[in-house]
J.: 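Would you mind keeping the following structure in view while I ask a few things?
The sequence lines fix the lettering, A, B, ..., with proteins before strands; numbering per chain opens at 1. The shown structure was predicted, so the numbers you read here are calculated from the model rather than taken from an experiment. Excluded from the calculations below are hydrogen atoms, water molecules and symmetry mates; all remaining heavy atoms, backbone and side chain alike, are included.
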Amino acid sequence: MASVEEIFERYLASRIFKDREKLLPDYVPENLPHRDEQIRRLATVLAPALLGSRPSNVFIYGLTGTGKTAVTKYVLRKLKEKAKARVEYVYINCRQNNTSYRVLAELAKSLGVKVPFTGLALGEVMKRVLRGLERRRRILIVVLDEVDNLVKRNGDDVLYFLSRINEQLENSRVSLIGITNDLKFMEFLDARVKSSLGEEELVFPPYNAIQLEDILRKRAAEAFNEGVLEEGVIKRVAAIAARQNGDCRLALDILLKAADIADREGADKVTLGHVERARHEIEKNLTVDVIKTMPLHVKLTLAAIYLLTRDSVKTITTGLIYNKYKELVSKVGIEPVTQRRISDIINELDMLGLINARVVSMGRYGRTKVISLSASASSVKAGLSSDLIMKTILEG
DNA sequence: AATCCACAGGAAGTGCTGGGCG
DNA sequence: CGCCCAGCACTTCCTGTGGATT
């Protein structure tokens with residue numbers, strides 16, 4: 001075992017990194033290659049704010065890791081530099097703040113209005129937000145990132161409120177930027193919200209392998225010392241990410257992880273082998289982490305699916321899962337939930353990407369869902385095993 | 001052509017938590 | 001203090017349905 005001193009020494013002596021931060025997900029670079037078009041369009045839409053008039057609301061679509069957030073933050077930063085005090089923006093991530101209340105509370109906080117993190121009626125928070133806005137006399141641009149998360153769970157109350165908020169304001173104006181990676185998202189919205197929110201729309205296409213390679217090369221030049229990347233590493237990472245819908249964030253993740261592994265080993269080059277291991281580790285960590293934090297009955301349901309898969313059952317249906325689940329539940333001496341609930345849990349697991357569920361009609365033999373495990377069985381097992389109750393079930 | 005299975009999934013409600021407010 | 005509020009995990013009750021079999 002290395003002593004603390006040794007660990008730190010080795011870190012300082014790192015051959016690999018020049019500036020590791022440049023690979024972290026929240027770093028917004030000075031240059032965003034292959035997004036010139038989107039930057040120009042967003043800037044054009046937001047420009048009126050400089051002269052004190054309210055920019056149109058914008059809706060931004062694009063899959064994960066296509067630069068939506070980076071471009072938005074980049075343009076807003078530039079806008080604020082030019083506009084000085086008259087324009088402000090708030091960035092709210094609706095995945096972390098995934099309830100109406102939390103989004104409004106975030107908004108209030110950015111206005112310097114105090115709200116408790118629970119307890120108030122929604123209408124009361126809205127009032128406070130309004131008051132805060134009036135006091136500030138600004139153009140406020142509200143960015144709602146991953147806004148589909150909010151609407152799917154809570155409806156579009158908050159969006160409705162925000163899209164009409166200007167009617168109640170004298171001294172301030174609000175513009176909205178909604179960001180989503182769900183291309184069918186608009187269908188969920190109330191017609192009134194839809195028309196007001198969709199004043200401008202911006203689409204971010206996925207990066208292709210060549211573009212990813214270009215981006216990675218530029219970023220690598222900032223982050224790594226010269227010559228530490230083995231031939232073909234960047235090409236490989238770009239190819240992997242290109243297959244995953246051109247997800248640039250994933251590409252950067254893998255590159256960082258590969259470099260970390262190499263660094264930890266004291267290697268002086270990042271090799272293709274490191275990339276391979278990084279990819280595996282990221283995949284595994286992702287599933288293990290979501291599983292760890294799941295509520296008990298969700299874990300039990302997943303365990304049931306896992307066991308059925310392990311016993312190589314050909315077509316796994318909702319009914320089979322429910323039976324297996326009840327079996328598991330009785331083993332640990334807990335009361336089962338209803339099949340209706342399990343049906344919802346199966347959908348939740350599907351949305352998390354751990355399983356694949358599709359409705360299928362088997363004619364005379366009913367209409368049900370056919371389910372298969374889509375995460376690797378070993379990661380599922382690893383994730384479940386972190387729970388002691390689950391561990392005994394899987395071994396028993 | 002009608003039937004009927006094995007569920008899907010909507011609507012409404014319950015009980016609990018963790019926190020207001022007056 | 002009593003009452004209200006939102007969110008969550010869940011229940012109860014329900015209507016709907018694709019298509020192989022009768």
Side-chain angles (χ1 to χ4, degrees), chain A residues 92-109 111 113-132 144 146-162 184 187-190 290-305 308 313-330 332-352 354-372 387 389-390:
Chain A
I92 301 173
N93 184 306
C94 303
R95 195 214 299 258
Q96 286 145 36
N97 303 287
N98 60 358
T99 66
S100 307
Y101 191 97
R102 283 211 274 274
V103 168
L104 286 176
E106 275 300 302
L107 186 50
K109 203 171 84 189
L111 294 167
V113 180
K114 241 179 53 196
V115 284
F117 62 88
T118 172
L120 287 185
L122 266 184
E124 177 57 31
V125 187
M126 290 181 186
K127 255 186 234 157
R128 294 190 188 187
V129 167
L130 271 172
R131 249 185 284 134
L144 298 173
E146 307 190 64
V147 62
D148 44 319
N149 274 290
L150 177 68
V151 173
K152 279 179 199 152
R153 320 176 90 230
N154 302 273
D156 48 17
D157 293 2
V158 173
L159 285 186
Y160 185 73
F161 167 69
L162 287 174
K184 288 179 298 178
E187 291 168 20
F188 287 90
L189 294 177
D190 179 289
V290 276
I291 293 172
K292 267 187 194 164
T293 59
M294 293 190 309
L296 180 61
H297 290 284
V298 182
K299 281 182 184 168
L300 283 161
T301 310
L302 185 60
I305 298 168
L308 288 170
V313 177
K314 348 90 221 141
T315 40
I316 303 178
T317 61
T318 305
L320 281 174
I321 292 173
Y322 191 57
N323 288 337
K324 193 76 179 175
Y325 158 82
K326 277 199 293 195
E327 193 185 302
L328 297 181
V329 153
S330 72
V332 279
I334 313 175
E335 282 297 297
V337 300
T338 54
Q339 181 160 333
R340 178 69 186 82
R341 177 65 187 135
I342 295 300
S343 169
D344 278 343
I345 289 178
I346 288 171
N347 286 338
E348 286 166 25
L349 289 172
D350 186 27
M351 287 219 290
L352 287 171
L354 294 177
I355 63 172
N356 205 295
R358 66 205 164 87
V359 277
V360 153
S361 176
M362 285 145 71
R364 232 304 130 87
Y365 307 104
R367 196 164 171 271
T368 181
K369 262 187 194 138
V370 172
I371 290 108
S372 60
D387 186 317
I389 302 174
M390 291 302 129

J.: Can you give the first and last nucleotides of DNA chain B, 5' to 3', that have an atom under 4.0 Å from a heavy atom of chain A?
T.: B:dT3 to B:dC21

J.: Checking A:Y365 now: which residues fulfil side-chain hydrogen bond (donor to acceptor under 3.5 Å, both in side chains) with it, not counting sequence neighbours?
T.: none

J.: Got a second to check how far A:T301's OG1 is from A:E348's CD, nearest 0.5 Å?
T.: 9.0 Å

J.: Apply ring pair (Phe, Tyr, Trp, His ring centres under 6.0 Å) to A:F161 and list each qualifying residue two or more places apart in sequence or on a separate chain.
T.: none

J.: Take the C1' atoms of the five end pairs on each side of the helix from B:dA1-C:dT22 to B:dG22-C:dC1, get both axes, and report the angle to 10 degrees.
T.: 30°

J.: If I compare all heavy atoms of A:L111 with all of A:G132, which pair ends up nearest, and what's the gap?
T.: CD1-C, 4.4 Å

J.: I'd like to check the side chain to side chain contact (heavy atoms under 4.5 Å, CB included) partners of A:A108; sequence neighbours left out, ordered by chain and number.
T.: A:V113, A:V115, A:V129

J.: Could you list by number each residue of residues 335-344 of chain A showing a heavy-atom separation from DNA chain B of less than 4.0 Å, or answer none if no residue does?
T.: A:Q339, A:R340, A:S343

J.: With the side chain counted from C-beta on, respond yes when A:I371 and A:D350 share a heavy-atom pair under 4.5 Å apart, and no when they do not.
T.: no

J.: Find the distance between CG (A:L150) and CZ (A:R102) and round it off to the nearest 0.5 Å.
T.: 10.5 Å

J.: With nearest nucleotides of DNA chain B determined for A:T317 and A:E124 from heavy-atom distances, which residue corresponds to the more 5′ nucleotide?
T.: A:T317

J.: For a 4.5 angstrom cut-off between non-hydrogen side-chain atoms, does A:V158 reach A:L144?
T.: no

J.: Under the side-chain hydrogen bond (donor to acceptor under 3.5 Å, both in side chains) rule, collect the residues that match up with A:N347, sequence neighbours excluded.
T.: A:K369

J.: Strictly below 4.0 Å, heavy-atom distances to any atom of DNA chain C: list the hits from residues 291-304 of chain A, or just say none.
T.: A:H297

J.: Does any part of the side chain of A:L308, heavy atoms only, come nearer than 4.5 Å to the side chain of A:I305, both counted from C-beta?
T.: no

J.: With A:R340, which residues qualify under side-chain hydrogen bond (donor to acceptor under 3.5 Å, both in side chains), at least two apart?
T.: A:D344

J.: Nucleotide by nucleotide, 5' to 3', does protein get under 4.0 Å of the base (B), only the sugar-phosphate (S), or neither (-) in nucleotides 14-22 of chain C, counting heavy atoms?
T.: --BBBBBSS

J.: Pick one: which of A:V332, A:L296, A:L328 meets side-chain contact (heavy atoms from CB on, under 4.5 Å) with A:M390?
T.: A:L296

J.: Looking at A:Y325 and A:A304, what are the two nearest heavy atoms and their distance?
T.: N-CB, 3.9 Å

J.: For the residue pair A:L120 and A:Y101, what are the closest heavy atoms and their distance?
T.: O-CE1, 3.2 Å

J.: Heavy-atom distance under 4.5 Å between the side chains of A:M294 and A:L349, does that happen here?
T.: yes

J.: Is there side-chain contact between A:D387 and A:K292, with at least one heavy-atom pair below 4.5 Å?
T.: no

J.: Polar-atom pairs under 3.5 Å, protein N or O versus N or O of nucleotides 1-7 of chain C: list them with distances, or write none.
T.:
none

J.: Which residue pairs pass the side chain to side chain donor-acceptor pair (under 3.5 Å) test with at least one member in residues 115-128 of chain A, sequence neighbours excluded?
T.: A:E124-A:R128

